[in-house]
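What you are looking at is a predicted structure, and each value in this text was computed from that prediction instead of being measured. For the single chain, residues carry numbers from 1 onward in sequence order.
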Amino acid sequence: MNVRKKITVVAMAGALALGTASAQSPASATPVKAVQAARAECGVRSDARLHCGNKAGAKGYADRSYRSATRGQLNGTFSWFQCWGHGDPHPGGNDIWYWTQLDNGAWGNVPAVDVSTGQDPAPGLAQC
């Protein structure tokens with residue numbers, strides 16, 4: 001076998017092994033599954049609050065704007081939200097913000113981009 005063929009065979013074997021490993025790797029599937037699970041659990045419950053997954057460290061703002069003061073954050077990845085309202089557009093492609101009590105006890109507005117809803121505003125949640 002000439003050198004060129006050997007290099008081609010080795011490169012193809014490596015690419016095949018890499019493709020197989022990444023396709024079966026639970027680490028690569030975990031974030032997608034986590035987002036899907038958070039959205040599946042996301043909904044308005046009997047307490048009239050939206051219970052939903054959120055981005056760890058999501059910040060809550062005094063107003064529905066990144067320009068307003070930060071009141072605190074959500075350190076966990078699953079929270080409840082009292083209501084929603086329109087505000088400044090954010091990277092989520094809309095202007096929906098959710099009102100909740102933050103981990104420090106203060107109340108704040110969290111942009112929908114940081115909440116794992118299937119649609120915004122979340123169906124069944126009151127507007128505030």
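In this structure the side chain of Val110 never reaches within 4.5 angstrom of the side chain of Asn54, judged on heavy atoms. No side-chain heavy atom of Arg49 sits less than 4.5 Å from a side-chain heavy atom of Val44.
We find the NE2-CD distance between His51 and Glu41 to be 11.5 Å, quoted to the nearest 0.5 Å. For the atom pair NZ of Lys59 and OG of Ser68, the computed distance is 11.5 Å after rounding to the nearest 0.5 Å. The CZ atom of Arg71 lies 8.5 Å from the CG atom of Leu102; values are rounded to the nearest 0.5 Å. Atom CG of Leu50 is separated from atom CH2 of Trp99 by 15.5 Å, given to the nearest 0.5 angstrom. For the atom pair OG1 (Thr70) and CG (Asn109), the distance works out to 11.5 Å, reported to the nearest 0.5 Å. Considering CD of Gln101 and CD of Gln82, their distance stands at 9.5 Å, rounded to 0.5 Å.
Chaining together hydrophobic side chains whose heavy atoms lie under 4.5 Å apart places Tyr66 alongside Tyr61, Trp97, Val113.
The backbone N or O of Ala106 sits less than 3.5 Å from a side-chain atom of Asn104, completing a donor-acceptor pair. Within the 3.5 Å criterion, the main-chain N or O of Ile96 finds a donor-acceptor partner in the side chain of His90. The backbone N or O of Ala122 lies less than 3.5 Å from no partner atom in the side chain of Trp84, so there is not a single donor-acceptor pair.
Listed by first and then second residue, the disulfide (SG to SG under 2.5 Å) pairs that reach into residues 70-107 are Cys83-Cys128, sequence neighbours excluded.
Heavy-atom minimum distance, Asp103 versus Gly76: OD2-N, 3.8 Å.
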Checklist entry - Step by step, would you call Asp47 with Trp80 a side chain to side chain contact (heavy atoms under 4.5 Å, CB included)? => result CA-CA 10 Å; Asp47 62 1; Trp80 57 265; 5.7 Å; no

